[in-house]
Amino acid sequence: MSKPPLVLIVEDSPPQVALAQALLRDMGTRIAVAETTQAALAAVAREEPDAILLDLELPDGSGLDLMRRLRGEGVEAAFIVVTANLSHAMTVEVMRDGAADYIPKPYPKARLTVTLSKVLKARELKRELTAAKAEIAPSRYLGFIGASPVMRAVYRTIESVAASRASVFITGESGTGKELAAEAVHKASPRSAGPFVPLNCAAIPKDLLESEIFGHVKGAFTGATDNRLGAAKQADGGTLFLDEIGEMPMDMQVKLLRFIQTGGFTPVGGARAEKVDVRFVAATNRDIWAEVEAGHFREDLAYRLYVVPVEMPALRERGADVLMLARAFLKTFAKEEKKGFRGIALDAEALLASYPWPGNVRQLQNVLRNAVVLHDGPVLTREMLPAALFRAGRRVAAPAAEPAPAMPASAMPSPMTGEQAMPAPDPAPIAAPARAAPEPPTHLWLAPDPPAGAEPDILPMREIERQAILAALRRTQRDVVRAASLLEINPSTIYRRLITWRDDGTLPVEFQ
Amino acid sequence: MTAPVLDPEVVAQLHQDLSMEDLRQICRMMEQDAEAMLAALTDAHATGDAQAWKRAAHRLAGGASGLGAKPLEAEARRAMAEGLGNAAARLPPLAEAVREACEALRRLCA
């Protein structure tokens, strides 16, 4: 059973407080009292009142300013201004600034209880309406958060295609949730009890890619000391997700095409073909048909994979989803970091809603994570957000077909001050196509193997940790969450190390 | 014609809305608070603390308005408006208004 509504009486006169308490006794509400604006702020943060009876003149400030501030912070309680001598102009002002009603002193019991019942009922109806709207337009679907028309179209496509065995080809800018979409296809499919095996084609050196997909037998190559199952075999009965398929070398594309056509493959060094039952989902942030045109991707393979296309919308196209996601991230991260955040201030929401988010959901996630790690409080304020967001509206252009950086330098949390004050003189550069970049090392931080017989240099553990974190950030294009995932550590550890290295001057320029 | 110490309409409403026990408790609180605020105003005058003067006058006016003690409310609002500059002139009528209001509240609850 839900608790009775809570009424906060903000009033400095004890007899007036006692009078209001006595008049409200029969209503069955809970009552809290604050005699000053500071006490009221603390009480609102602590108790989340449903209604606030507010005296306009308080010992330490104006009740009107208090109401404006709480409204600005997103407090949804119904304000009832209780005061003597309220002029017509003042009445207009308090109503315009968010009061639900006002009661002149002295007031009879009926005036107080009827007004309070009315605003509490209106608040309850608003809650019910919000819940009903959420039910009509589902805001969560198999790991996704969002109820925008473009996302609902994605949910419908996934739902329609899930039962089929047809290959799904997911496109969209970096950070839009392509892997989440692939997982959703799997979860919604009859194969959901089977394995979902993701493989990032860009993250695996080309020499190892065949072995990663098809496995190898013992002795197939130097270092192959045992038989090893590849992703294809692991995904038998389930779904194989080939992420960044556009990065796959041409010779590997031929082998993949044959696998898709026949359902069979031969492990590296093996003599016998194996058959598996796999559903293929592929993804890329490139225009795959432009890649075909440029001769970088096989047309026949593209047709095999591009059976049901799913276009993941950029976050800037998702309207109110930005705030829905931001609130969800805030809740999750606050819990993880044991912080007291419960909501986002209206001006901070306005900023989040107006930013174009070139790094999409992943960037939003990083910004929220950063704010939660560096700050605390009941409400996430505008000042807790990276300064880059303030400037971005006029300077960050939406990326086109080229992949966007997961987190542009201008929106990276500033480890320098903890206040996200890092200047960003230029718009975030667009990442060069991965094809032109050198292959990433197999391991994150180890130098190339030493000459035979030589021992590798022994480094202090803190230096190994530093190299590992920086390498992971490079690998993930500064995506702190993914880097933390690769390193199997908490993202807040990375944020804290970045602050330390910035402070002691050891942070490489590329991360500043 | 001078206004009654307690507005009869407000008094009637209080009798209608509150139990005698609640009314007595609230009147007692008002008496105590009015005397405490009069002492605070006297201290504020002695120390030249304009903020304390305004705070005490406001609290006195707010409490008085809720119980229909209109002459006391009017004196307190005048003290708020004129500030510490005219405190010496305001304190005697304020003290008299507090005394009259307290007496009336005691009679109300007798």
Side-chain angles (χ1 to χ4, degrees), chain A residues 9-27 29 31 33-40 52-66 80-87 90 94 102-117, chain B residues 6-37 40 44 49-70 72-74 76-78 80-81 98 101-102 105 108-109:
Chain A
I9 301 171
V10 185
E11 167 67 73
D12 64 329
S13 165
Q16 281 301 297
V17 172
L19 178 61
Q21 284 176 316
L23 296 177
L24 292 175
R25 192 176 295 133
D26 298 340
M27 277 191 76
T29 56
I31 292 175
V33 176
E35 292 183 358
T36 61
T37 60
Q38 288 307 310
I52 300 176
L53 296 181
L54 181 66
D55 185 12
L56 284 187
E57 289 181 74
L58 295 162
D60 59 344
S62 148
L64 190 56
D65 289 343
L66 173 68
I80 299 172
V81 170
V82 181
T83 189
N85 299 331
L86 196 62
S87 66
M90 196 67 175
V94 299
Y102 76 96
I103 300 175
K105 288 181 190 171
Y107 50 83
K109 179 179 180 177
R111 175 72 192 261
L112 178 63
T113 54
V114 168
T115 303
L116 195 54
S117 299
Chain B
L6 295 180
D7 183 333
E9 276 187 37
V10 177
V11 169
Q13 191 67 56
L14 290 171
H15 274 299
Q16 186 181 319
D17 289 344
L18 297 170
S19 66
M20 204 56 207
E21 191 185 339
D22 281 336
L23 186 57
R24 280 199 190 100
Q25 189 198 351
I26 290 163
C27 288
R28 261 198 310 273
M29 287 178 82
M30 181 62 208
E31 283 177 53
Q32 288 166 1
D33 199 53
E35 280 160 9
M37 288 306 101
D49 187 340
Q51 284 301 314
W53 173 271
K54 195 179 169 194
R55 274 199 305 271
H58 169 258
R59 183 159 144 180
L60 194 52
S65 72
L67 295 178
K70 289 192 171 173
L72 175 56
E73 182 191 355
R77 293 205 183 280
R78 200 169 298 136
M80 275 171 70
V98 166
C102 288
L105 290 169
L108 180 66
C109 300

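Throughout, protein chains are lettered first and strands after them, A, B, ... in sequence-line order, and every chain is numbered starting at 1.
Contact of B:L18 with chain A is made through the side chain alone, with heavy-atom distances under 4.5 Å. For B:R77, the part lying near chain A is the side chain, with the backbone staying farther off; criterion is any non-hydrogen pair under 4.5 Å. Interface remark: B:E9 contributes no atoms to any contact with chain A (heavy atom separation under 4.5 Å). Of the two parts of A:D55, only the side chain, counted from C-beta on, holds a non-hydrogen atom closer than 4.5 Å to a non-hydrogen atom of chain B. Heavy-atom distances place the side chain of B:L14, and not its backbone, under 4.5 Å from chain A.
In terms of heavy atoms, A:Q16 sits closest to B:G66 at NE2-CA, 2.9 Å. A:L58 approaches B:H58 most closely through the heavy-atom pair N-CE1, 4.4 Å. The shortest non-hydrogen separation linking A:P106 to B:S65 is CB-O, 3.3 Å. Between A:P15 and B:G63, the closest heavy-atom pair is CG-CA, 4.5 Å. Of all the heavy atoms in B:R59 and A:D12, the pair that sits closest is CD-O, 3.2 Å.
Taking CZ from A:R111 and CD from B:Q13, the interatomic distance works out to 12.0 Å, rounded to the nearest 0.5 Å. With values rounded to the nearest 0.5 angstrom, A:L23 atom CG is found 7.0 Å from B:I26 atom CD1. For the atom pair CZ (B:R55) and CD (A:E57), the distance works out to 13.0 Å, reported to the nearest 0.5 Å. How far CG of A:L19 is from CG of B:L67: 6.5 Å, rounded to the nearest 0.5 Å.
In this structure a side-chain-to-backbone donor-acceptor pair under 3.5 Å is missing from B:D33 to A:P14.
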